[in-house]
**Q** 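So that we are looking at the same thing, I have put the structure below in structure tokens.
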Amino acid sequence: MITKRIPKIFYAFSILLIVACSKTEDNVPLTTPTAQISVDKLVRKASLRNQDIPFKIINDEGEDVTALATFYVDDVAIEGQSFSSATIGEFEVYGVYEEDGVEITTNTESFSVIIPKQKIVVEDYTGTWCGFCPRVSGAIHDLEAETEDIAVVAIHETANSFPDPMHFDQVQILKEAYDVEGFPAARINRSIDWPTPHPLSEVTNIAGLDTNLAIALNSQVTDNELLVQVNVVYEEGSVQNDKLVVYLIEDGVIYDQVNYYNYDDTSEFYNLGDPIPNFVHNDVLRNSLTGVLGNTISQTEALTEYITSFTIDIPSDYVRENLSIIAMVVDENNTAKNAQFAQLNEDKPYE
């Protein structure tokens, strides 16, 4: 009797990266070398228009049987082991092959063909000692209620005799690169000033617009080691001198915040105290997995993935459940072109 079985399937890849040793005063990464992630998928979750979309089947014995299979996209058999579409949309794929006289059909998986959307980088140069800094965090809170197409980074600095426990050691490099002098300072896409009173429209008018490059993130935590993989793809090929920036972010850090708006009855921070006790600090920049201004992206052809990865030991004083990853591509002037964010252990596709 011939039966139908569902085998184990994978969309798998591995990467090797050699990076510099840890150092804080220069634009160098804080990561260690060598990383590999295997993803239990038949197909990449999302791809760009006209991008080659490879399929792969690994049977229960761990053998690659892709070459033996016929693949069906939306129930129509295709030639070969890959697919592409000039049209955006949602698709389904499964494979059929024969093994030991038995016809085997894999499970069906969905995938998308997309036009990338731009996520705007919003950065908040701040400190717990800075009495006017709650203004920017309030604007960011309002902004997050308006759009999901933003990636927020709060960059803390200690000031003289006023310590900030979230101080980022490489903050001076960023301040010099982006002409940041007084605090608070708010930036859009790293280099564009977001002036007081931080109108939301300056971000929402450009958030989610079509763009020509996309970023995917995947990470895994094993014991205390975090492995992060970043995929970047361009519709027209990578641009010389573009760089990749990858940050580790923490939410929910509790610490008192100096508040000069305590007596301003027009402020949302009115009468909350000065300092505000147990203020919740979100989007705190903890570590840079790349150089703080980025690592150069190797030249790649149009619709060809640039893939790299990083490992870092998670410090014991970080709350793992509150950590996330932000990746951005910046141009030669250090202006962000697109960004992506993901929680730890999340496989975040191109969007």
Side-chain angles (χ1 to χ4, degrees), residues 10-24 26-41 44-45 119 121 123 151-156 165-171 173-174 214-232 243-254 281-297 305-330 336 338-351:
F10 293 91
Y11 174 63
F13 43 82
S14 62
I15 320 93
L16 177 68
L17 175 71
I18 303 300
V19 298
C21 297
S22 175
K23 194 176 182 183
T24 58
D26 299 318
N27 177 40
V28 297
L30 298 170
T31 55
T32 55
T34 311
Q36 178 176 326
I37 293 183
S38 293
V39 181
D40 188 8
K41 290 290 180 183
R44 188 168 53 226
K45 291 181 180 179
K119 286 185 170 65
V121 178
E123 290 178 299
V152 179
V153 182
I155 304 159
H156 284 249
M166 293 159 281
H167 173 80
F168 180 61
D169 286 344
Q170 294 171 294
V171 62
I173 298 173
L174 293 170
I215 305 169
L217 283 172
N218 194 5
S219 65
Q220 293 177 355
V221 178
T222 304
D223 296 325
N224 203 46
E225 184 182 77
L226 170 63
L227 165 59
V228 178
Q229 180 172 293
V230 186
N231 294 38
V232 179
K243 291 174 290 186
L244 175 66
V245 180
V246 184
Y247 288 161
L248 181 64
I249 304 296
E250 184 174 6
D251 286 340
V253 182
I254 307 298
H281 298 270
N282 291 321
D283 312 302
V284 176
L285 175 55
R286 286 304 204 177
N287 289 94
S288 180
L289 278 66
T290 58
V292 70
L293 297 177
N295 295 353
T296 301
I297 296 175
E305 292 187 292
Y306 169 80
I307 305 174
T308 189
S309 56
F310 312 89
T311 59
I312 184 172
D313 289 331
I314 301 174
S316 59
D317 57 336
Y318 295 0
V319 179
R320 185 177 301 182
E321 295 74 18
N322 293 345
L323 295 176
S324 60
I325 304 295
I326 286 179
M328 66 186 89
V329 173
V330 302
N338 205 358
Q340 183 61 286
F341 55 84
Q343 302 301 311
L344 299 197
N345 293 314
E346 180 181 8
D347 183 7
K348 195 73 168 285
Y350 296 128
E351 293 180 324

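Along the sequence shown, residues carry numbers from 1.
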**Q** Quick one: do T222 and L227 satisfy side chain to side chain contact (heavy atoms under 4.5 Å, CB included)? Show the steps, please.
**A** CA-CA 8 Å; T222 304; L227 165 59; over 6 Å; no

**Q** Does some side-chain heavy atom of N338 sit less than 4.5 Å from a side-chain heavy atom of V329?
**A** no

**Q** So do E123 and I155 actually touch side chain to side chain, heavy atoms under 4.5 Å?
**A** yes

**Q** Search all heavy atoms of M328 against all heavy atoms of A336 and return the closest pair with its distance.
**A** SD-CB, 4.4 Å

**Q** Please check if any side-chain donor atom of N231 sits under 3.5 Å from a side-chain acceptor atom of E305, or the reverse.
**A** yes

**Q** Just wondering, do N218 and K348 contact through their side chains at under 4.5 Å, heavy atoms?
**A** no

**Q** If I take atom NE2 from residue H167 and atom CG from residue D169, how far apart are they, to the nearest 0.5 angstrom?
**A** 5.0 Å

**Q** Test F168 against M166 for side chain to side chain contact (heavy atoms under 4.5 Å, CB included), laying out the working first.
**A** CA-CA 6 Å; F168 180 61; M166 293 159 281; over 6 Å; no

**Q** Distance check, rounded to the nearest 0.5 Å: I215 atom CD1 versus E351 atom CD?
**A** 10.5 Å

**Q** When rounded to the nearest 0.5 angstrom, what distance separates CD in E346 from CD in Q220?
**A** 13.0 Å

**Q** Give me the atom names and distance for the closest heavy-atom approach of Q340 to L217.
**A** O-CD1, 3.8 Å

**Q** Using 0.5 Å steps for rounding, measure from the CD1 atom of I326 to the CD1 atom of I249.
**A** 4.5 Å

**Q** Just verifying a value: how many Å separate E250 CD and D283 CG, rounded to the nearest 0.5 Å?
**A** 11.0 Å

**Q** Will you find, in the side chains of R320 and N224, an N or O donor that is under 3.5 Å from an N or O acceptor?
**A** yes

**Q** Do you know which two heavy atoms are closest between L293 and V330, and how far apart they sit?
**A** O-CG2, 4.1 Å

**Q** Does CG belonging to D223 count more than 12 external heavy atoms closer than 6.0 Å?
**A** no

**Q** Dump the intermediate steps for side chain to side chain contact (heavy atoms under 4.5 Å, CB included) on V230 and Y306, then the final yes or no.
**A** CA-CA 8 Å; V230 186; Y306 169 80; over 6 Å; no

**Q** Working to the nearest 0.5 Å, report the span between CG of L174 and CG of L285.
**A** 7.5 Å

**Q** For S288 versus T290, what's the shortest heavy-atom pair and its separation?
**A** OG-O, 2.6 Å

**Q** Taking the side chain as C-beta and beyond, is there a heavy-atom pair between Y247 and L289 under 4.5 Å?
**A** no

**Q** Using the side chain to side chain contact (heavy atoms under 4.5 Å, CB included) rule, take R44 and Y350 through it: C-alpha gap first, then chi angles, then the decisive distance, then the call.
**A** CA-CA 9 Å; R44 188 168 53 226; Y350 296 128; 4.1 Å; yes

**Q** Using every non-hydrogen atom in the two residues, find where N287 and Y318 come nearest and quote the distance to one decimal.
**A** OD1-OH, 2.9 Å

**Q** Within the structure provided, determine whether V171 and H156 are in side-chain contact (heavy-atom separation under 4.5 Å).
**A** no

**Q** Is any side-chain heavy atom of S219 closer than 4.5 Å to one of Q229?
**A** no

**Q** Below 4.5 Å, heavy atoms only, C-beta onward: do D251 and V284 meet side chain to side chain?
**A** no

**Q** Does the side chain of L226 reach to within under 4.5 Å of the side chain of L344, using non-hydrogen atoms?
**A** yes

**Q** For the pair K243 (side chain) and G291 (backbone), establish whether a donor and an acceptor sit closer than 3.5 Å, ignoring hydrogens and angles.
**A** no

**Q** Looking at G252 and N282, what are the two nearest heavy atoms and their distance?
**A** N-OD1, 2.8 Å

